[in-house]
Amino acid sequence: MFVCTYVLLASEEPSVAERLDDITKILLADPHRLIRGMVGALLWGAIEKSASFVDQFGDSCSSPVLQVVGWRAIARAPELLDSSRLSRVEWRARFQGLLHHADPSLRAAACRSAHVFEAQNLLETLLQDGNDSVAAEAAIACLQMNVGEKLANVRVLWISCWKLSDQLSSLKGIFKNRSEHRLARWIRHLALAVPLGQKDISRLLEILPSRLALSFVLHHGDANYLRWVVSQFGKPESARLAGWVWSSMTGYDLEQNGLVLPDLEKDGGASSVTDELDPGLPMPALQSIVAFGTKPDSDVALFWATGPSHETLGQILWDAPQALRWIAIQRASVATLKPIALSIKSSFWKQQSEMVRQWPQALSVLN
(Lines give C-alpha, C1' and ligand atoms only; values in the text may rest on other atoms or scores of the structure.)
Protein backbone atom coordinates (compact mmCIF):
# COMPACT_ATOMS: atom_id res chain seq x y z
CA MET A 1 0.00 0.00 0.00
CA PHE A 2 2.85 2.37 0.84
CA VAL A 3 4.74 1.64 -2.38
CA CYS A 4 1.69 1.81 -4.64
CA THR A 5 0.47 5.08 -3.15
CA TYR A 6 3.95 6.62 -3.16
CA VAL A 7 4.48 5.71 -6.83
CA LEU A 8 1.06 7.14 -7.64
CA LEU A 9 1.98 10.42 -5.93
CA ALA A 10 5.10 10.65 -8.09
CA SER A 11 3.24 9.86 -11.30
CA GLU A 12 2.50 12.53 -13.91
CA GLU A 13 0.31 10.29 -16.03
CA PRO A 14 -3.31 11.29 -16.74
CA SER A 15 -4.61 7.98 -15.33
CA VAL A 16 -3.84 8.94 -11.73
CA ALA A 17 -7.51 9.19 -10.74
CA GLU A 18 -8.27 5.74 -12.16
CA ARG A 19 -5.28 4.20 -10.40
CA LEU A 20 -6.26 5.86 -7.15
CA ASP A 21 -9.67 4.21 -7.44
CA ASP A 22 -7.99 0.82 -7.87
CA ILE A 23 -5.77 1.36 -4.82
CA THR A 24 -8.71 2.62 -2.79
CA LYS A 25 -10.69 -0.55 -3.51
CA ILE A 26 -7.83 -2.61 -2.10
CA LEU A 27 -7.58 -0.34 0.94
CA LEU A 28 -11.29 -0.59 1.68
CA ALA A 29 -11.12 -4.39 1.58
CA ASP A 30 -8.77 -4.46 4.61
CA PRO A 31 -8.40 -0.94 6.03
CA HIS A 32 -7.13 -1.92 9.48
CA ARG A 33 -4.07 -3.59 7.98
CA LEU A 34 -3.38 -1.21 5.09
CA ILE A 35 -4.32 2.27 6.26
CA ARG A 36 -0.93 3.08 7.77
CA GLY A 37 0.78 2.35 4.45
CA MET A 38 -1.27 4.98 2.66
CA VAL A 39 -0.79 7.54 5.45
CA GLY A 40 2.96 6.95 5.37
CA ALA A 41 3.10 7.45 1.60
CA LEU A 42 1.28 10.78 1.91
CA LEU A 43 3.92 11.92 4.40
CA TRP A 44 6.75 10.89 2.09
CA GLY A 45 5.30 12.26 -1.14
CA ALA A 46 5.76 15.73 -2.64
CA ILE A 47 3.75 18.01 -0.38
CA GLU A 48 1.72 19.64 -3.19
CA LYS A 49 0.58 16.29 -4.59
CA SER A 50 -0.07 14.83 -1.12
CA ALA A 51 -2.08 17.92 -0.20
CA SER A 52 -4.33 17.45 -3.22
CA PHE A 53 -5.05 13.87 -2.11
CA VAL A 54 -5.72 15.01 1.45
CA ASP A 55 -8.14 17.62 0.11
CA GLN A 56 -10.14 14.82 -1.47
CA PHE A 57 -9.92 12.51 1.51
CA GLY A 58 -10.94 15.20 3.98
CA ASP A 59 -14.22 15.79 2.20
CA SER A 60 -17.21 14.50 4.16
CA CYS A 61 -18.45 12.84 0.95
CA SER A 62 -15.47 10.47 0.99
CA SER A 63 -15.69 7.10 2.68
CA PRO A 64 -14.91 7.15 6.43
CA VAL A 65 -11.75 5.13 5.80
CA LEU A 66 -10.35 7.70 3.35
CA GLN A 67 -11.32 10.50 5.71
CA VAL A 68 -9.34 8.79 8.47
CA VAL A 69 -6.35 8.57 6.10
CA GLY A 70 -6.56 12.29 5.40
CA TRP A 71 -6.92 13.37 9.02
CA ARG A 72 -4.12 11.10 10.23
CA ALA A 73 -1.84 12.56 7.58
CA ILE A 74 -2.75 16.08 8.71
CA ALA A 75 -2.10 15.12 12.33
CA ARG A 76 1.43 13.99 11.45
CA ALA A 77 2.16 16.72 8.89
CA PRO A 78 0.17 19.93 9.54
CA GLU A 79 2.13 21.65 6.77
CA LEU A 80 -0.10 19.79 4.31
CA LEU A 81 -2.73 22.43 5.02
CA ASP A 82 -0.40 25.18 3.77
CA SER A 83 -0.54 23.61 0.30
CA SER A 84 -4.27 22.89 0.41
CA ARG A 85 -6.77 24.57 -1.91
CA LEU A 86 -8.93 25.11 1.19
CA SER A 87 -8.41 27.80 3.80
CA ARG A 88 -7.66 27.09 7.46
CA VAL A 89 -11.18 28.30 8.29
CA GLU A 90 -12.65 25.69 5.94
CA TRP A 91 -10.46 22.97 7.39
CA ARG A 92 -11.45 23.92 10.91
CA ALA A 93 -15.13 23.64 9.92
CA ARG A 94 -14.41 20.15 8.56
CA PHE A 95 -12.61 19.28 11.78
CA GLN A 96 -15.49 20.38 13.98
CA GLY A 97 -17.82 18.22 11.93
CA LEU A 98 -15.79 15.17 13.00
CA LEU A 99 -16.29 15.72 16.71
CA HIS A 100 -19.88 14.48 16.65
CA HIS A 101 -19.65 12.12 13.69
CA ALA A 102 -21.54 8.85 14.03
CA ASP A 103 -18.45 6.85 13.03
CA PRO A 104 -16.14 6.45 16.08
CA SER A 105 -13.07 6.06 13.84
CA LEU A 106 -13.59 9.64 12.67
CA ARG A 107 -14.09 10.95 16.20
CA ALA A 108 -10.83 9.21 17.12
CA ALA A 109 -9.13 10.80 14.09
CA ALA A 110 -10.36 14.18 15.31
CA CYS A 111 -8.57 13.56 18.61
CA ARG A 112 -5.30 12.86 16.82
CA SER A 113 -5.50 16.06 14.77
CA ALA A 114 -6.82 18.36 17.52
CA HIS A 115 -3.37 19.87 18.11
CA VAL A 116 -3.31 21.18 14.54
CA PHE A 117 -6.36 23.35 15.23
CA GLU A 118 -5.49 24.16 18.87
CA ALA A 119 -8.80 22.60 19.85
CA GLN A 120 -7.88 21.72 23.42
CA ASN A 121 -11.24 22.79 24.79
CA LEU A 122 -13.07 20.45 22.42
CA LEU A 123 -11.32 17.33 23.67
CA GLU A 124 -12.84 17.25 27.13
CA THR A 125 -16.24 16.12 25.83
CA LEU A 126 -14.59 13.27 23.90
CA LEU A 127 -12.96 12.03 27.11
CA GLN A 128 -16.47 10.98 28.13
CA ASP A 129 -17.21 9.28 24.79
CA GLY A 130 -19.03 5.98 25.05
CA ASN A 131 -16.57 4.38 22.64
CA ASP A 132 -13.37 3.28 24.39
CA SER A 133 -11.21 3.97 21.32
CA VAL A 134 -12.39 7.57 21.13
CA ALA A 135 -11.96 8.11 24.87
CA ALA A 136 -8.45 6.63 24.75
CA GLU A 137 -7.40 8.82 21.81
CA ALA A 138 -8.86 11.88 23.53
CA ALA A 139 -6.86 11.06 26.67
CA ILE A 140 -3.65 10.63 24.62
CA ALA A 141 -4.26 13.97 22.90
CA CYS A 142 -4.89 15.69 26.23
CA LEU A 143 -1.68 14.24 27.67
CA GLN A 144 0.36 15.34 24.66
CA MET A 145 -1.15 18.83 24.68
CA ASN A 146 -1.00 19.17 28.49
CA VAL A 147 -4.76 19.75 28.68
CA GLY A 148 -6.74 19.27 31.88
CA GLU A 149 -5.62 17.30 34.92
CA LYS A 150 -2.94 14.80 33.99
CA LEU A 151 -4.01 12.09 36.44
CA ALA A 152 -7.61 12.30 35.21
CA ASN A 153 -6.43 11.81 31.62
CA VAL A 154 -4.22 8.91 32.71
CA ARG A 155 -7.20 7.33 34.44
CA VAL A 156 -9.31 7.45 31.25
CA LEU A 157 -6.50 5.86 29.23
CA TRP A 158 -5.82 3.29 31.98
CA ILE A 159 -9.46 2.17 32.00
CA SER A 160 -9.52 1.84 28.20
CA CYS A 161 -6.32 -0.24 28.25
CA TRP A 162 -7.58 -2.43 31.08
CA LYS A 163 -10.92 -3.14 29.39
CA LEU A 164 -9.33 -3.99 26.03
CA SER A 165 -6.70 -6.17 27.72
CA ASP A 166 -9.45 -8.06 29.49
CA GLN A 167 -11.26 -8.66 26.20
CA LEU A 168 -8.24 -10.09 24.32
CA SER A 169 -8.64 -13.61 25.69
CA SER A 170 -12.09 -13.91 24.10
CA LEU A 171 -10.97 -12.64 20.66
CA LYS A 172 -9.51 -14.68 17.82
CA GLY A 173 -7.94 -14.19 14.41
CA ILE A 174 -8.07 -10.81 12.74
CA PHE A 175 -10.19 -9.29 15.52
CA LYS A 176 -7.55 -10.17 18.09
CA ASN A 177 -4.77 -8.81 15.87
CA ARG A 178 -6.58 -5.50 15.41
CA SER A 179 -7.23 -5.16 19.12
CA GLU A 180 -3.61 -5.97 20.02
CA HIS A 181 -2.34 -3.36 17.58
CA ARG A 182 -4.70 -0.75 19.01
CA LEU A 183 -3.76 -1.70 22.56
CA ALA A 184 -0.04 -1.51 21.74
CA ARG A 185 -0.45 2.19 20.84
CA TRP A 186 -2.42 2.96 23.99
CA ILE A 187 0.06 1.06 26.17
CA ARG A 188 3.00 3.09 24.87
CA HIS A 189 1.34 6.38 25.77
CA LEU A 190 0.01 5.10 29.09
CA ALA A 191 3.46 3.89 30.13
CA LEU A 192 4.97 7.31 29.43
CA ALA A 193 2.28 9.09 31.45
CA VAL A 194 1.86 6.85 34.51
CA PRO A 195 3.90 8.15 37.49
CA LEU A 196 6.79 5.99 38.66
CA GLY A 197 5.80 3.82 41.59
CA GLN A 198 2.13 3.47 40.62
CA LYS A 199 1.00 0.47 42.67
CA ASP A 200 -1.39 -1.02 40.08
CA ILE A 201 1.26 -1.50 37.38
CA SER A 202 2.02 -5.05 38.54
CA ARG A 203 -1.65 -5.98 38.15
CA LEU A 204 -1.70 -4.55 34.65
CA LEU A 205 1.40 -6.53 33.68
CA GLU A 206 -0.34 -9.70 34.82
CA ILE A 207 -3.30 -9.35 32.44
CA LEU A 208 -1.34 -8.03 29.45
CA PRO A 209 0.16 -10.45 26.93
CA SER A 210 3.89 -10.78 27.59
CA ARG A 211 4.99 -8.76 24.55
CA LEU A 212 2.66 -5.87 25.33
CA ALA A 213 3.69 -5.95 28.97
CA LEU A 214 7.34 -5.70 27.90
CA SER A 215 6.46 -2.71 25.75
CA PHE A 216 4.86 -1.06 28.77
CA VAL A 217 7.94 -1.58 30.94
CA LEU A 218 10.27 -0.34 28.19
CA HIS A 219 8.30 2.88 27.69
CA HIS A 220 7.66 3.37 31.42
CA GLY A 221 11.37 3.05 32.18
CA ASP A 222 11.20 2.09 35.86
CA ALA A 223 14.37 0.11 36.69
CA ASN A 224 12.46 -1.64 39.50
CA TYR A 225 10.82 -3.81 36.84
CA LEU A 226 14.10 -5.12 35.41
CA ARG A 227 13.74 -8.31 37.45
CA TRP A 228 10.29 -8.78 35.95
CA VAL A 229 11.82 -8.34 32.48
CA VAL A 230 14.35 -11.08 33.29
CA SER A 231 11.46 -13.34 34.31
CA GLN A 232 10.18 -13.11 30.73
CA PHE A 233 13.33 -14.68 29.27
CA GLY A 234 11.71 -18.11 29.50
CA LYS A 235 8.58 -17.14 27.56
CA PRO A 236 8.65 -18.81 24.12
CA GLU A 237 6.90 -15.85 22.45
CA SER A 238 9.01 -13.06 23.92
CA ALA A 239 12.43 -14.28 25.10
CA ARG A 240 14.46 -12.37 22.51
CA LEU A 241 12.32 -9.25 22.92
CA ALA A 242 12.78 -9.39 26.70
CA GLY A 243 16.54 -9.51 26.22
CA TRP A 244 16.42 -6.44 23.99
CA VAL A 245 14.24 -4.55 26.51
CA TRP A 246 16.69 -5.43 29.31
CA SER A 247 19.62 -4.27 27.18
CA SER A 248 17.85 -1.02 26.21
CA MET A 249 16.95 -0.18 29.80
CA THR A 250 20.31 -1.02 31.36
CA GLY A 251 22.57 0.21 28.57
CA TYR A 252 24.52 -3.06 28.47
CA ASP A 253 24.93 -4.77 25.11
CA LEU A 254 24.15 -8.47 25.42
CA GLU A 255 26.61 -9.69 22.82
CA GLN A 256 29.49 -7.44 23.85
CA ASN A 257 29.13 -8.58 27.45
CA GLY A 258 28.78 -12.28 26.62
CA LEU A 259 25.20 -12.49 27.85
CA VAL A 260 23.74 -14.52 25.00
CA LEU A 261 22.98 -18.16 24.34
CA PRO A 262 24.18 -19.98 21.20
CA ASP A 263 21.77 -19.54 18.31
CA LEU A 264 20.31 -23.03 18.07
CA GLU A 265 18.26 -22.15 14.99
CA LYS A 266 21.44 -21.52 12.98
CA ASP A 267 22.78 -24.87 14.17
CA GLY A 268 19.72 -26.70 12.91
CA GLY A 269 17.82 -26.70 16.18
CA ALA A 270 14.07 -26.28 16.46
CA SER A 271 12.84 -22.69 16.22
CA SER A 272 10.36 -21.11 18.64
CA VAL A 273 7.88 -18.27 18.31
CA THR A 274 10.40 -15.68 19.51
CA ASP A 275 12.74 -16.67 16.64
CA GLU A 276 10.01 -15.88 14.13
CA LEU A 277 8.81 -12.66 15.80
CA ASP A 278 12.23 -11.17 16.60
CA PRO A 279 14.72 -12.40 14.00
CA GLY A 280 18.16 -10.92 14.51
CA LEU A 281 17.82 -10.28 18.23
CA PRO A 282 20.12 -12.44 20.38
CA MET A 283 18.77 -14.99 22.83
CA PRO A 284 19.54 -13.76 26.37
CA ALA A 285 21.40 -16.07 28.75
CA LEU A 286 19.32 -16.04 31.94
CA GLN A 287 21.94 -17.32 34.39
CA SER A 288 24.66 -15.04 33.03
CA ILE A 289 22.42 -11.98 33.26
CA VAL A 290 21.31 -12.81 36.80
CA ALA A 291 24.98 -13.08 37.79
CA PHE A 292 25.79 -9.90 35.88
CA GLY A 293 23.24 -7.90 37.90
CA THR A 294 20.40 -5.59 36.95
CA LYS A 295 21.71 -2.17 37.96
CA PRO A 296 21.43 0.12 34.93
CA ASP A 297 24.15 2.38 33.65
CA SER A 298 23.72 5.83 35.25
CA ASP A 299 23.42 7.72 31.95
CA VAL A 300 20.75 5.34 30.72
CA ALA A 301 18.86 5.52 34.01
CA LEU A 302 18.90 9.32 33.83
CA PHE A 303 17.47 9.20 30.30
CA TRP A 304 14.58 7.00 31.40
CA ALA A 305 13.84 9.00 34.53
CA THR A 306 14.03 12.61 33.36
CA GLY A 307 14.38 12.57 29.60
CA PRO A 308 17.57 12.92 27.55
CA SER A 309 19.63 16.08 27.48
CA HIS A 310 19.70 18.02 24.19
CA GLU A 311 23.07 16.49 23.29
CA THR A 312 22.08 12.94 24.26
CA LEU A 313 18.81 13.30 22.35
CA GLY A 314 20.76 14.19 19.22
CA GLN A 315 22.97 11.09 19.53
CA ILE A 316 19.92 8.86 20.08
CA LEU A 317 18.13 10.30 17.06
CA TRP A 318 21.14 9.75 14.83
CA ASP A 319 22.09 6.29 15.98
CA ALA A 320 19.42 4.41 17.98
CA PRO A 321 16.72 1.94 16.85
CA GLN A 322 13.43 3.51 15.83
CA ALA A 323 11.58 2.40 18.97
CA LEU A 324 14.08 4.14 21.24
CA ARG A 325 14.11 7.24 19.03
CA TRP A 326 10.35 7.55 19.56
CA ILE A 327 10.67 7.18 23.34
CA ALA A 328 13.46 9.77 23.45
CA ILE A 329 11.36 12.28 21.50
CA GLN A 330 8.40 11.75 23.84
CA ARG A 331 10.54 12.01 26.99
CA ALA A 332 12.26 15.16 25.73
CA SER A 333 8.91 16.74 24.84
CA VAL A 334 7.62 16.12 28.37
CA ALA A 335 10.83 17.41 29.96
CA THR A 336 10.79 20.66 27.95
CA LEU A 337 6.96 21.02 27.96
CA LYS A 338 6.99 21.52 24.20
CA PRO A 339 6.95 19.10 21.25
CA ILE A 340 10.24 18.41 19.49
CA ALA A 341 10.12 19.65 15.90
CA LEU A 342 10.96 16.32 14.29
CA SER A 343 8.76 13.52 13.01
CA ILE A 344 10.67 10.25 13.14
CA LYS A 345 8.20 8.76 10.65
CA SER A 346 8.87 11.31 7.92
CA SER A 347 11.25 10.58 5.07
CA PHE A 348 14.95 10.10 5.70
CA TRP A 349 15.79 13.30 3.85
CA LYS A 350 13.41 15.43 5.94
CA GLN A 351 14.71 13.91 9.16
CA GLN A 352 18.34 14.33 8.14
CA SER A 353 17.83 17.99 7.26
CA GLU A 354 16.13 18.73 10.57
CA MET A 355 18.71 16.81 12.63
CA VAL A 356 21.61 18.57 10.92
CA ARG A 357 19.96 21.86 11.86
CA GLN A 358 19.16 21.00 15.48
CA TRP A 359 21.91 18.55 16.49
CA PRO A 360 25.04 19.18 14.34
CA GLN A 361 27.33 18.33 17.30
CA ALA A 362 25.87 14.84 17.58
CA LEU A 363 26.53 14.23 13.90
CA SER A 364 30.18 15.31 14.22
CA VAL A 365 30.66 12.92 17.17
CA LEU A 366 29.18 10.02 15.24
CA ASN A 367 31.31 10.81 12.19
*How far apart are the C-alpha atoms of Arg92 and Val89, what are their side-chain angles, what is the distance that settles it, and do they pass the side chain to side chain contact (heavy atoms under 4.5 Å, CB included) test?*
CA-CA 5 Å; Arg92 186 173 184 83; Val89 173; 5.8 Å; no
*Let me see the working for Leu204 and Leu190 under side chain to side chain contact (heavy atoms under 4.5 Å, CB included), right down to the final yes or no.*
CA-CA 11 Å; Leu204 182 63; Leu190 178 65; 4.0 Å; yes
*For Asp55 and Ser84, run side chain to side chain donor-acceptor pair (under 3.5 Å): C-alpha distance rounded to whole Å, both residues' side-chain angles, the deciding distance at 0.1 Å, then the answer.*
CA-CA 7 Å; Asp55 283 350; Ser84 171; 2.6 Å; yes
*Just do the side chain to side chain donor-acceptor pair (under 3.5 Å) check on Ser210 and Gln232 with the steps written out, would you?*
CA-CA 7 Å; Ser210 176; Gln232 303 302 296; 2.9 Å; yes
*Could you go through the salt bridge (charged side-chain N to carboxylate O under 4.0 Å, His left out) check for Asp200 and Arg203 one step at a time?*
CA-CA 5 Å; Asp200 290 330; Arg203 292 177 59 210; 3.6 Å; yes
_Pair Glu354, Gln358 - check side chain to side chain donor-acceptor pair (under 3.5 Å), show working._
CA-CA 6 Å; Glu354 190 60 34; Gln358 293 195 52; 2.6 Å; yes
_Derivation and outcome, side chain to side chain contact (heavy atoms under 4.5 Å, CB included), residues Ser133 and Trp186_ = CA-CA 9 Å; Ser133 293; Trp186 298 354; 3.7 Å; yes
*Any chance you could lay out the side chain to side chain contact (heavy atoms under 4.5 Å, CB included) test for Cys161 and Ile187, step after step, and finish with the verdict?*
CA-CA 7 Å; Cys161 288; Ile187 283 294; 4.2 Å; yes
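The number of heavy-atom neighbours closer than 6.0 Å to NZ of Lys49, taken from other residues, nucleotides and ligands shown, is above 12. Within a 6.0 Å radius of CD in Gln128, other residues, nucleotides and ligands contribute 12 heavy atoms or fewer. Within 6.0 Å of atom CZ in Arg88, more than 12 heavy atoms from other residues, nucleotides or ligands are found, so the atom counts as buried in its surroundings.
A salt bridge (charged side-chain N to carboxylate O under 4.0 Å, His left out) with Asp278 is found for one member of Arg211, Lys235, Arg240 and no other, namely Arg211.
Both Ile26 and Val68 are members of a single hydrophobic cluster when ILVMFWY side chains are connected at heavy-atom separations under 4.5 Å. By the rule that hydrophobic residues join a cluster once side-chain heavy atoms approach within less than 4.5 Å of another member, Val7 and Trp44 end up as members of one cluster. Taking hydrophobic clusters as Ile, Leu, Val, Met, Phe, Trp and Tyr residues chained together by side-chain heavy-atom distances below 4.5 Å, Val154 shares a cluster with Ile207. With hydrophobic clusters built from ILVMFWY side chains whose heavy atoms lie under 4.5 angstrom apart, Val147 does not share a cluster with Val156.
The minimum heavy-atom distance between Trp71 and Ala109, with the atom names listed, is CB-CB, 4.0 Å. Residue Leu42 comes nearest to Val69 through the heavy atom pair CD1-CG1, 3.6 Å, listed as atom of the first residue, atom of the second, then distance. Contact detail for Ala332 and Pro308: the closest heavy-atom pair is N-CD, 4.0 Å. For the pair Leu66 and Thr24, the tightest heavy-atom approach, listed with the atom from each and the gap, is CD1-CG2, 3.7 Å. Looking at every heavy atom in both residues, Pro209 comes nearest to Glu180 through CG-OE2, 4.5 Å.
Looking at Phe53 and Leu20, their side chains come closer than 4.5 Å, going by heavy atoms from C-beta outward. Here the side chains of Ile140 and Arg185 are in contact, with some heavy-atom distance below 4.5 Å. Using a 4.5 Å cut-off on side-chain heavy atoms (C-beta onward), Asn153 and Met145 make no contact. Side-chain contact between His310 and Trp359: present, with at least one pair of heavy atoms (C-beta onward) separated by less than 4.5 Å. At a threshold of 4.5 Å between non-hydrogen side-chain atoms, the residues Tyr225 and Ile201 count as touching. Side-chain contact between Lys163 and Ile159 is present, with at least one heavy-atom pair separated by less than 4.5 Å. Side chains of Asp129 and Leu126 form a contact here, defined as non-hydrogen atoms less than 4.5 Å apart. Residues Leu123 and Cys111 meet the side-chain proximity criterion, which asks for heavy atoms closer than 4.5 Å.
With hydrogens and angles disregarded, a donor-acceptor distance shorter than 3.5 Å links the side chain of Gln351 to the backbone of Ser346. Checked by atom type and distance alone, the side chain of Ser83 never pairs as donor or acceptor with a backbone atom of Leu80 at under 3.5 Å. Remark: the backbone N or O of Ser343 is not paired with any side-chain donor or acceptor of Arg76 at under 3.5 angstrom. Side chain of Ser62 to backbone of Gly58: no donor-acceptor contact under 3.5 angstrom is found. A distance-only check finds a donor-acceptor pair linking the side chain of Arg325 to the backbone of Leu317 [under 3.5 Å]. A side-chain donor-acceptor contact under 3.5 Å links His220 to the backbone of Ala191. Ser50 contributes a side-chain N or O that, together with a main-chain N or O of Ala46, makes up a donor-acceptor pair within less than 3.5 Å. Ser113 places no side-chain N or O within 3.5 Å of a backbone atom of Arg72 that could act as its donor or acceptor partner. Remark: side-chain polar atoms of Glu90 are paired, donor with acceptor, to backbone N or O of Ser87 under 3.5 angstrom. In this structure, the side chain of Asp319 does not engage the main chain of Gln315 through any donor-acceptor pair within 3.5 Å.
For Leu324, the side-chain contact (heavy atoms from CB on, under 4.5 Å) partners two or more places apart in sequence, or in a different chain, are Leu218, Trp244, Ser248, Trp304, Ala320, Pro321, Ile327.
In this structure, Arg94 is positioned above the aromatic face of Trp91, its NZ or CZ under 6.0 Å from the six-membered ring centre and within 45° of the axis.
When ring centroids are compared, Trp228 and Trp246 stay outside the 6.0 Å threshold. Two rings, from Trp326 and His189, have their centers less than 6.0 Å apart.
Hydrophobic clustering, defined by side-chain heavy atoms of Ile, Leu, Val, Met, Phe, Trp and Tyr closer than 4.5 Å, leaves Leu196 isolated from every other such residue.
Separating the CZ atom in Arg331 from the CD1 atom in Ile329 is a distance of 13.5 Å, to the nearest 0.5 Å.
Taking a cutoff of 4.0 Å between a charged side-chain nitrogen and a carboxylate oxygen, Asp30 and Arg33 qualify as a salt bridge.
Ring orientation note: the planes of Trp162 and Trp158 are close to parallel, at an angle under 30° on the 30°/60° scale.
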